[in-house]
Structure formats: C-alpha cells, structure tokens
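Let me begin by presenting the structure, written as structure tokens, before commenting on it.
For the single chain, residues carry numbers from 1 onward in sequence order.
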Amino acid sequence: MAQELPRRTNFSGPPLIRLLSRLLDANVQEPGQLLPDRLSQWLGWTNAIDLASALGASPAAGARAGSDRQDIAEAEQDCARVRAMLERAIAGLGEPAPARARARPKAAIPRDGRHVPPVEYSIYRQRYGSLQQNMESAITALRARLRAMLASGSPGSARLAVLDAVMEQALSEREYELLSAIPGLLEQRFLRLRPAGSGAEEEGVPEQSPASGDWLGVFCKDMQSVLSAELDLRLQPVEGLLGALRADRP
C-alpha cells in the first residue's frame, strides 16, 4: 500500500506548487508579497523599458479587424496537437529504467534471495530533464505561432502579441531557474520511497518507504503527476493567447 500523502491546506498557490508540497511534506506558506511586487524584482530596468514601449506603441497600420473562424480552428488544433504529444511523452515515463542504468557495485538482495540491481535516481532525473526540454521547445514554438496570428489581427490583439513577446523574454530565465530545480526536489521523494536494502541506507537516508514492493511504480506516478502539473503551468500563456484569438473573432 502506497504511503499516504500529507494534506496541506494553508497554501492556495498553483497546483504544481501544492503538489510538490504534498509529495515532499513541505509546509509552504503563502508569499508575503503581492504578484506585482514579485514581478518587479524579477524584471530588470531594460525589461521595464521594453514593457513601457510595448504598452505605448501604436498597432501596425493595416492590421485587419480580427481573426477569422478558420484561423481559430487551426490554432485550436495546433494547441491540442502539442498538448497531446507532450501528454503521450509523460505517459511513457512509467516504463522501467534500462538495466544498465540500474546497476551499481553493491546489489540489493531481498528476503527471497533473488538478485535485484538497486534502482538509481539518475535515470529519472535525466528523463524528467529531457521532457522539460521537449516542453520548452514545443511550447515556445507554439506560443510564437499564436503571437504571429494575433499580430495580424485587430489593434488590441497586435499590442497583446508584442506584450507577450516582451514578457516571455523577460521571465524566461527566471522560469528556467525555478522549473529546472524540480528534478532535484523529486529526488527527495524517490529516496523517501526507496526501501531499505536497495541503497538508501548507504546514503544515510531514513527509511520512510511504503510497505508494498511497488514503490518505484508509486514514484513514477508521482513524477508523471508533477510533469502534468508543470505542463499545465507552461501552457497557461498559450491558453491566454488562444483566448485572445477567440475574442478577436469578428
């Protein structure tokens, strides 16, 4: 039976943060600053200039009144295709790690006497990081395509496209820094679940694993849940742009 996750009710942040706090048994508190104050710390003076220029710029002359229905349909299909592709990749992460990635000098010997190579976290760190790169690449390209459609629409939509481009550039470094820390955080969950005799005690990690032998399956599901929450977070700007395109329909 899998270890029951603690419930944290004192934090109402994004689903990704709430999920990580439950998995790691972390008591995350509400931030003391408002979002605009936090953003002001992340944006440099050059970003502020770019934002001011984008807000004050006049839309390009000759922009048409809005996106037609065919444009909207194509954008929706494009978004659905990218999401489905990344969701399939996340679902595939539950496959067992290759045998060569599981080997280490000391092998665990369970009670029934069978020789089972201990499982290392490195392969799952690599898998998570690789999928993060795939998400970043696919979503960045999708976001640019949606901005191009907005830029050819109404004056308000054209201005929004410029603003989104500026914000993406301004926040990309901070976003990368925060999201790239997730694989390291998940290692804590991996070590908590890994049973005694499989290498955990050699690293001084306290035994907190579930009674069931399917601890690795539990971890893989946890990792998939975190990736799904991260995907939803990364797609939020895309959903906003898509909503703007729908509103721009004549």
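From E168, atom CD reaches atom CG of L163 across 13.0 Å, with rounding to the nearest 0.5 Å. Atom-to-atom distance recorded for F219:CZ and F190:CZ is 6.5 Å, nearest 0.5 angstrom. In this structure, CE in M223 is found 9.0 Å from CG in L131, a value given to the nearest 0.5 Å. Q236 contributes atom CD, which lies 9.0 Å from atom CD of E239 (distance to the nearest 0.5 angstrom). Taken from CG in L86 to CG in L227, the straight-line distance is 10.0 Å, to the nearest 0.5 Å. From R145, atom CZ reaches atom CG of L241 across 12.0 Å, with rounding to the nearest 0.5 Å.
Side-chain contact annotation: Q132 with E136, donor-acceptor N/O pair under 3.5 Å absent. Side chain to side chain, E230 and Y128 meet the donor-acceptor criterion of an N or O pair below 3.5 Å. Side-chain contact check for S157 and S154: at least one donor-acceptor pair (N or O, by modelled atom type) lies under 3.5 Å.
Closest approach of A161 and A151 over heavy atoms only: CB-N, 3.9 Å. Looking at every heavy atom in both residues, L245 comes nearest to I72 through O-CD1, 3.0 Å. Here the closest non-hydrogen pair linking P237 and R143 is CB-CZ, 3.5 Å. Nearest heavy atom pair, residue Q224 against residue A91, reads NE2-O, 3.1 Å. Of all non-hydrogen atoms in R194 and L191, the two that sit nearest each other are NH2-CD2, 3.4 Å.
If you chain together hydrophobic residues whose side chains sit under 4.5 Å apart, Y176 and L233 never meet in one group.
Counting heavy atoms of neighbouring residues, nucleotides and ligands inside a 6.0 Å radius, atom CD of Q169 does not exceed 12 of them. Heavy-atom contacts from other residues, nucleotides or ligands closer than 6.0 Å to CD of Q126 number 12 or fewer.
With contacts defined as side-chain heavy-atom distances shorter than 4.5 Å, the pair R18/P15 qualifies. Contact of the L216 side chain with the Y124 side chain is registered, since non-hydrogen atoms from C-beta on lie closer than 4.5 Å. Side-chain atoms of L235 and I139, non-hydrogen and from C-beta on, do get closer than 4.5 Å to each other. By the 4.5 Å heavy-atom criterion applied to side chains, L23 and R192 are not counted as neighbours. No side-chain heavy atom of L186 sits less than 4.5 Å from a side-chain heavy atom of D222. Residues C79 and L142 have side chains in contact (heavy-atom distance under 4.5 Å, counting atoms from C-beta outward).
Look at R83 and D232 and you find a salt bridge, because one of the NZ, NE, NH1 or NH2 atoms lies within 4.0 Å of a carboxylate O, short of that distance.
Between the side chain of S180 and the backbone N or O of E177, at least one donor-acceptor pair lies under 3.5 Å. Between the S152 side chain and the M149 main chain, a donor and an acceptor come within less than 3.5 Å of each other.
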Exercise. Report the C-alpha separation of R147 and V162 in whole Å, then their side-chain angles, then the decisive distance to 0.1 Å, and conclude whether the side-chain contact (heavy atoms from CB on, under 4.5 Å) test is met.
Key: CA-CA 8 Å; R147 279 200 303 264; V162 175; over 6 Å; no
Exercise. For side-chain contact (heavy atoms from CB on, under 4.5 Å), just list the numbers for R189 and V218, CA-CA rounded to whole Å, side-chain angles, deciding distance to a tenth of an Å, and then say yes or no.
Key: CA-CA 10 Å; R189 176 65 174 169; V218 172; 4.2 Å; yes
Quiz prompt | Intermediate values then yes/no, side-chain contact (heavy atoms from CB on, under 4.5 Å), L19 and S225 | solution = CA-CA 8 Å; L19 176 58; S225 296; 3.9 Å; yes
Practice problem: Evaluate the side-chain contact (heavy atoms from CB on, under 4.5 Å) criterion for residues L16 and L179: first the C-alpha distance (whole Å), next the side-chain angles of each, then the deciding distance (0.1 Å), finally the verdict. | Solution: CA-CA 10 Å; L16 175 60; L179 294 179; 4.1 Å; yes
